[in-house]
Every structure is written in structure tokens, then in C-alpha cells.
Trainee: 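First, the structure itself, so that you have it in front of you.
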Amino acid sequence: MKNNNSAKTQSEKKRSLSGILLSSPYLVWSVIFIVAPLFFVVYYAFTDRNGNFTFDNISKLGDYTGIFIHSIWIGLISTVICLVIAYPMAYIMARSGARRQKTLMMLVMLPMWMNLLIRTYSWMTLLQDTGIINNLISAIGLPRIHMIDTSFAVVVGMVYNFFPYMILPIYSVMSKIDNNLVEAAQDLGCNKLNVFRKVLFPLSLPGVVSGITMVFVPSVSTFYIAGKLGGPSNLLIGDVVETQFKASNNYNLGSAISLVLMVLILICMAVMNKFADDDTNMIV
Amino acid sequence: MSNVLLQLKNVSVRFDDDQILKSINLDICDKEFVTLLGPSGCGKTTTLRIIGGFVEPDSGEVLFDGKNLLDVPSHKRAVNTIFQKYALFPHLNVYENVAFGLRVKKTPEDVVKKTVKEMLSMVNLKGFERRNISTLSGGQQQRVAIARALAVNPRVLLLDEPLGALDLKLRKDMQVELKNIQKRMGITFIYVTHDQEEALSMSDTVVVMNQGVIQQVGSPEDIYNEPVNAFVADFIGESNILDGVMLEDYKASFSGHVFDCLDKGFDKNEAVDIVVRPEDVDVVEPEKGMLCGTVSSVTFKGVHFEIIVDINGFKWMIQTTDYSPVGANIGLYIEPDAIHVMKKSEYSGAYGDYSSFSDEIDKLSELNDGES
Ligand SMILES: Nc1ncnc2c1ncn2[C@@H]1O[C@H](COP(=O)(O)OP(=O)(O)OP(=O)(O)O)[C@@H](O)[C@H]1O
Ligand SMILES: [Mg+2]
């Protein structure tokens with residue numbers, strides 16, 4: 001009995017050793033690119049310029065409450081708009097023939113092959129007061145609309161840039177739903193609407209949740225898009241962080257803002273996951 | 001069991017360029033247990049899907065209670081299906097899966113509760129209400145699927161190889177259980193299988209299909225004892241199928257011998273196919289036999305021996321409880337009622353003797369059956 005046990009633990013040890021060896025590249029990678037940066041963010045957030053421990057950075061954040069709220073608000077609106085457009089589109093894509101699916105997929109992915117900066121610049125030329133859209137509008141005799149440097153332009157930029165991250169997870173979950181389940185639901189008395197309500201929608205929720213995550217997180221935290229399209233009055237928290245690091249050279253305040261932003265996003269995601277869980281449970 | 005509930009009339013289906021069903025005619029009675037039996041790809045699932053409303057035939061009629069069924073969308077048909085792969089809802093637990101159909105019909109909660117409880121106890125799954133579908137074994141999932149379909153109280157239940165994925169023991173148990181459920185609930189079962197034993201032991205009526213054509217409809221006894229052609233004879237059970245000539249009523253000649261038989265109504269000297277089942281042949285002394293031959297292989301099967309006998313170059317299979325060693329010269333005695341005479345058909349000559357027969361091939365094909 002004893003022998004057996006020791007033999008077992010030995011082989012277990014061997015296995016775990018080889019496991020560590022195998023995963024070591026990943027471990028090294030994540031230490032360098034995930035753990036270390038996080039550590040520095042936390043370190044800078046709680047120290048002053050001379051490296052002494054302080055809460056000053058955190059307490060200064062009160063000045064930025066407005067921007068925080070504005071960022072989350074813009075993020076929420078962009079996410080909702082993405083979802084409202086992406087969900088029906090993913091549904092249509094998943095239900096159409098293999099050939100059409102491929103074409104639609106290409107169209108969705110196409111913008112992602114261009115650089116984010118270039119895409120944002122193109123929107124600037126589109127939305128400017130003397131831009132392409134306004135030229136078209138005035139050409140047909142309507143008054144020009146002021147669009148650039150408004151929240152509207154920021155939301156347009158966000159939706160355009162992050163839309164693929166919404167539709168892809170939803171589409172991939174939907175296209176994997178077994179058609180037998182649809183038939184089983186019809187068999188048990190569901191009309192088209194009920195098939196959707198009782199089977200397709202609940203089964204597509206995991207895709208919706210990851211789509212929301214993948215759009216909400218970057219739209220709350222990116223810089224650049226708001227800076228270019230929203231103008232000085234529409235700065236988002238990401239742009240503030242950028243300014244702290246680059247222009248003001250204040251790593252400590254920048255880190256503190258980033259840290260709080262991360263915590264806020266985590267809280268938002270946790271709340272949303274909770275909702276999604278409750279939702280599926282409710283249907284269950 | 002005489003009132004016809006469901007009628008298929010000249011139903012044809014083609015997918016792309018393949019004619020899948022060729023003018024199917026079938027009457028199914030109320031409370032009947034009908035089995036569609038046939039080799040893989042012969043159109044069994046397609047036939048079920050037409051009745052369930054998932055495939056629209058290109059031509060022909062389907063009547064339910066005398067009324068056209070083809071205009072009724074599948075969610076309004078009093079027909080429910082047990083799918084080949086169960087198709088349970090993965091986002092719902094056992095209770096909610098069974099309650100699904102009732103919920104769709106907005107059944108009051110207390111009725112739902114009562115019905116689900118009844119159904120789960122009927123399929124022996126009491127206490128599984130809160131279980132997640134993915135934690136169930138194949139047999140349990142199967143039973144949830146049965147409970148789910150029966151909960152909405154269908155007139156007809158369509159079962160597409162429901163036991164295909166189960167092991168032999170469980171399959172036998174479920175066969176008995178299904179048969180009991182069908183009797184107790186008094187509903188019509190249309191059952192698809194390619195396992196002939198299953199078909200024979202469970203059904204009131206067996207429908208043998210091949211390549212989109214119904215070959216024979218009849219009781220299990222009829223199908224086994226009076227196959228209409230060489231395909232049915234070969235597909236159902238073991239059989240020795242020989243070329244013969246019907247000399248006159250009650251007299252058939254094959255293997256160089258004239259036999260008395262019970263069949264009549266053929267033309268004089270009409271060429272026919274003769275079926276003799278292996279268990280209907282008696283082994284006797286060579287001099288007392290109607291036919292004589294040499295034993296070329298013997299296999300012990302438990303209840304009986306399976307002997308392959310070479311008679312004038314044609315290998316017969318015989319099942320007998322008496323042992324005869326390989327190489328022995330034995331006689332065969334065939335009673336008149338053991339001989340079944342069939343008209344020549346497109347399948348004549350398609351099924352040879354047992355010369356290529358070996359146990360290994362048998363085992364292999366059984367294994368494959370189990371997997372599919
Ligand atoms: N949607 C479809 N499109 C094209 N061909 C099809 C389609 N559905 C079935 N078929 C073809 O129709 C034929 C009959 O199929 P069916 O599923 O009815 O066979 P089956 O008797 O149920 O076989 P099995 O025992 O293997 O389940 C097969 O050759 C199959 O390839
Ligand atoms: Mg099938």
C-alpha cells in the first residue's frame with residue numbers, strides 16, 4: 001500500500017514537472033507582458049515622483065469623475081448600438097447558405113485589415129464641416145450638419161471600429177447551434193417566434209456576453225478615437241491617461257487613473273455577467 | 001386496430017438528382033406499432049421527416065384522420081418526433097426539457113408539474129429533475145427525449161433509430177420499456193430501425209424498404225415466413241435462396257430434387273426463387289436425406305450449431321442442435337412447410353449462397369451496426 005502511494009506521488013511529480021516545463025514559455029510570456037506591467041501600474045499609482053508611498057494620486061482622481069462617467073456612458077452607447085446592429089446581422093448570416101456566409105464574413109472583416117488610425121482619419125474627412133457627407137448634403141440643398149467634435153462622431157468612430165468584435169462572437173455561437181434543436185422546438189409546438197425566444201436566443205447569449213465584453217472594454221478605455229473625432233470637449237478617460245503619460249509626463253497620476261479604470265471595467269463586467277447568468281437561469 | 005389514422009399516397013421525394021422515395025403508399029392504423037426497416041440510406045428518416053413536417057414531398061398526399069396533413073406546419077401537427085440524435089435543449093435542465101412543449105402551449109403550472117412528474121416516473125428518471133443534460137448518460141438522455149415528446153400527448157410518435165447509440169443490454173431493456181409505454185399510452189408509434197431483430201420483436205407491422213421503395217408490409221411473422229422477394233428474405237434473418245422451378249401446384253424443383261410444398265398459383269414450370277430458413281432443415285442420415293452434401297464448416301453458437309453444407313456446389317446454411325464434424329457426409333430433410341416459393345424479382349440472383357460467409361465478416365458487420 002505504502003509503496004503504491006509513493007510510486008504514485010513520484011509519477012505525479014514527474015508529470016507536474018514536465019507540465020511546468022511545457023508551459024514555461026507561456027509563463028515567461030505572461031510574466032513579462034501581463035504581470036510586470038500590472039505591477040508597475042500599481043507601483044506608480046501608489047508612489048510619488050520620488051518613489052515614496054502616497055495616496056495623493058488616488059485622491060486627485062475626484063477631478064476626473066465627469067470624464068469617467070462620460071467615458072462609461074459613451075462606451076455603453078457604442079456597445080448597445082453595436083449589439084443592436086450585430087445581432088440581427090449575425091442571425092441572418094448564420095442562417096444563410098455557406099457561400100453567402102463567407103461573403104458576408106469577408107465584408108465584416110474588411111475594415112479590420114486597415115489600421116485603426118487610418119480608419120479614424122477617414123471618418124474625420126467624412127464627418128468634417130466641409131467633409132464628404134456635408135458636401136453631399138449641401139449639394140442637394142440641405143443645411144450642413146455639424147458632426148465633427150461631437151459625442152455623435154465619437155460614437156460613430158467607436159461603433160465602426162469595434163463592430164467586428166461584436167458580430168464575430170455572436171455569429172460563431174449562432175452558427176454552431178444544431179439545427180436539430182430548431183426542429184425539435186418546432187416539433188414541440190414552437191412557431192418561428194417561439195423557436196427564437198425559447199431556443200435560439202438563450203443559446204446565443206454566451207456570444208452576446210463576449211461580444212459586449214469585447215466592445216465595451218475597448219470603447220471605454222481607448223484613446224485616439226475620441227481625441228480625433230470628439231475634439232477637446234469630448235476627451236475620454238483613455239485620452240487623459242495618454243496625456244498624463246506623454247504630455248505631462250506624470251506616470252503616477254496616469255497609472256492611478258488606469259488602475260481605477262481597470263477596476264471600474266471589472267465591476268461593470270462582473271455585473272453584466274451576473275445579469276447574463278440570471279437571465280439564462282430565469283429562462284431555464 | 002382497423003381505423004386508418006395516417007395515409008401516405010404516392011409520396012415521392014427527390015433531393016438534387018436523386019430519387020429518394022419512389023411513390024410510397026402506406027396506411028398506418030391508430031394505436032399501431034409500425035416499424036420502417038431497411039438498409040442505411042433507403043429513405044427511412046426521409047419518410048419520418050415527411051410525416052413530422054420537416055420535408056415536403058415533391059408529389060403525393062399525406063392524410064391524417066382523412067385530412068390533408070401537408071398544409072399543416074410542423075408545430076401544429078399532432079405528431080412528435082424522437083430525433084436520431086435526441087436533440088435535447090442544452091440550456092435547459094431535465095425538468096424544463098420535458099416541460100418545454102407544455103410551456104409553449106401555456107399550460108397552467110400545476111398541470112405542467114404533474115405531467116412532468118408522471119412522464120419522468122414513466123421513463124424511470126425520478127429525481128433527475130434538476131440535472132443538467134450534459135451530465136446524463138446516453139440511455140438517460142434517450143429517456144428524457146421520450147418523456148419530452150410524450151408530455152405533449154401526441155397521437156403519433158415518430159422514433160428515428162432511438163436505440164441506435166445504446167449498448168446491447170440497455171437496448172433490449174429499452175425495447176421492452178418502449179413497447180410497454182406504447183401500449184399504456186395507446187398511441188401510434190412509427191419506429192425506424194435497421195436492426196431486423198428489433199423490428200420483428202417490437203412491431204405490429206413491419207415495413208421493409210430498399211432504395212426508396214417499399215418492398216413488403218406485413219406482420220413480423222408474415223415478413224419472416226412469407227417474404228415477397230429475395231431482398232426481404234435476405235434482409236430478414238438468415239436464408240438459403242435458391243433458383244427453382246414450380247412444376248405444378250404444391251410441387252417445386254430445386255437443387256436437383258422435387259419437393260412437396262404448400263405454395264400454389266404459379267404458372268406451370270414457372271421459374272421462381274425458393275427460400276429455406278436454416279433452422280427449418282433437418283439433418284438426417286445421408287441415405288434418408290432428400291439432399292446430400294459435405295459439411296464444410298461448423299460453428300458453435302450456444303443454442304445451436306451453424307453448419308455450412310456443400311450441396312452440388314451451393315453452400316447451404318443450416319442451424320441444428322446435432323453436431324456434425326467438418327468433412328462428414330450428411331443428408332438434409334426439408335418439410336413441405338419449410339419451403340417458401342417467391343416470384344422472380346429484380347433481386348433474384350443478387351444474393352448468393354454462403355460460400356463467402358465467415359463468422360468474422362458477421363462479427364464485423366455487427367460491430368459496425370453497433371457503432372452507427
Ligand atoms: N437534405 C438532403 N439533401 C440531399 N440528400 C439527402 C438529404 N437528406 C437525405 N438525403 C439522401 O437521401 C437518402 C435517404 O436518406 P435517409 O436519411 O432517409 O436514409 P435512412 O434510411 O434514414 O438511413 P440511415 O439508416 O443511415 O439513417 C440518402 O441517400 C441521403 O444521402
Ligand atoms: Mg436515418
Side-chain angles (χ1 to χ4, degrees), chain A residues 83 87 90-91 94-101 169-213 272-284, chain B residues 45 48-55 72-107 112 115 119 129-133 141 144-154 156-160:
Chain A
L83 180 62
Y87 195 89
Y91 179 84
R95 309 250 103 202
S96 50
R99 199 117 165 237
R100 191 133 147 241
Q101 281 191 27
I170 299 178
Y171 163 75
S172 95
V173 167
M174 272 190 183
S175 62
K176 285 196 199 85
I177 296 177
D178 184 357
N179 195 46
N180 274 324
L181 296 178
V182 175
E183 288 189 354
Q186 288 175 338
D187 193 72
L188 292 163
C190 285
N191 55 20
K192 285 229 166 69
L193 181 68
N194 274 334
V195 170
F196 177 77
R197 262 185 355 124
K198 292 185 166 269
V199 178
L200 292 178
F201 178 69
L203 286 177
S204 68
L205 272 185
V208 172
V209 170
S210 58
I212 290 179
T213 313
M272 208 202 49
N273 277 321
K274 181 91 185 63
F275 264 123
D277 276 357
D278 283 357
D279 226 28
T280 33
N281 280 337
M282 216 170 62
I283 295 164
V284 165
Chain B
T45 298
L48 275 201
R49 288 171 64 79
I50 288 172
I51 300 171
F54 302 110
V55 168
V72 183
S74 65
H75 68 272
K76 288 192 179 144
R77 298 189 182 189
V79 168
N80 283 91
T81 311
I82 307 239
F83 291 84
Q84 207 160 355
K85 290 179 196 123
Y86 314 154
L88 298 176
F89 301 117
H91 59 298
L92 303 176
N93 62 19
V94 170
Y95 182 94
E96 288 301 325
N97 260 283
V98 178
F100 189 92
L102 299 167
R103 289 267 153 80
V104 174
K105 288 186 186 160
K106 305 237 183 316
T107 316
V112 172
T115 316
M119 291 300 139
E129 286 84 353
R130 302 272 147 233
R131 283 281 286 275
N132 202 309
I133 292 304
Q141 292 190 17
V144 175
I146 294 168
R148 182 179 71 175
L150 289 176
V152 290
N153 200 18
V156 178
L157 190 65
L158 310 175
L159 304 98
D160 194 352

Trainee: Please name the pair of heavy atoms, one in Phe83(B) and one in Ala184(A), separated by the smallest distance, quoted to 0.1 Å.
Mentor: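 Minimum heavy-atom contact is CE1-CA, 3.5 Å.
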Trainee: Rounded to the nearest 0.5 Å, how far does CG of Asp187(A) lie from CG of Leu158(B)?
Mentor: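 So the gap between those two atoms works out to 7.5 Å.
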Trainee: Roughly how far, to the nearest 0.5 Å, is CG of Leu181(A) from NZ of Lys85(B)?
Mentor: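 Interatomic distance, Lys85(B) NZ to Leu181(A) CG, rounded to 0.5 Å: 11.5 Å.
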Trainee: Where is the tightest heavy-atom contact between Val104(B) and Cys190(A), given as atom of each residue plus distance?
Mentor: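 That closest heavy-atom pairing would be CG2-SG, 3.5 Å.
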Trainee: For a quick test of reading the model, state the closest non-hydrogen atom pair linking Val152(B) to Leu188(A) and the distance between them.
Mentor: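 Residues Val152(B) and Leu188(A), closest heavy atoms: CG2-CD2, 4.2 Å.
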Trainee: Tell me the closest heavy-atom pair linking Phe54(B) and Glu183(A), and the distance in Å.
Mentor: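 For Phe54(B) versus Glu183(A), the nearest heavy atoms are CZ-O, 3.4 Å.
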Trainee: Determine whether Leu92(B) and Pro202(A) make a side-chain contact, defined as any pair of heavy atoms from C-beta on separated by less than 4.5 Å.
Mentor: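 Sidechains of Pro202(A) and Leu92(B): no contact.
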Trainee: If you compare all heavy atoms of Arg103(B) against all heavy atoms of Lys198(A), which two are closest, and at what distance to 0.1 Å?
Mentor: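 For Arg103(B) versus Lys198(A), the nearest heavy atoms are CB-NZ, 4.0 Å.
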Trainee: Which bit of Leu102(B) is near chain A, if near means a heavy-atom gap under 4.5 Å: side chain, backbone, both or neither?
Mentor: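 For Leu102(B), no heavy atom lies under 4.5 Å from chain A.
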Trainee: Among Val199(A), Asn194(A), Val195(A), who wins on heavy-atom pairs under 4.5 Å with chain B?
Mentor: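 Of Val199(A), Asn194(A), Val195(A), Val199(A) has the most heavy-atom pairs under 4.5 Å with chain B.
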Trainee: Using non-hydrogen atoms and a 4.5 Å limit, figure out which bit of Arg77(B) sits close to chain A: side chain, backbone, both or neither.
Mentor: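 Interface part for Arg77(B): neither.
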Trainee: Check whether Asp178(A) gets within reach of chain B through its side chain, its backbone, both or neither, counting any heavy atom under 4.5 Å.
Mentor: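 For Asp178(A), there is no contact with chain B at all, as no heavy atom is under 4.5 Å.
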Trainee: For the atom pair CG (Asn191(A)) and NZ (Lys76(B)), what is the distance rounded to the nearest 0.5 Å?
Mentor: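 Here the rounded value is 8.0 Å.
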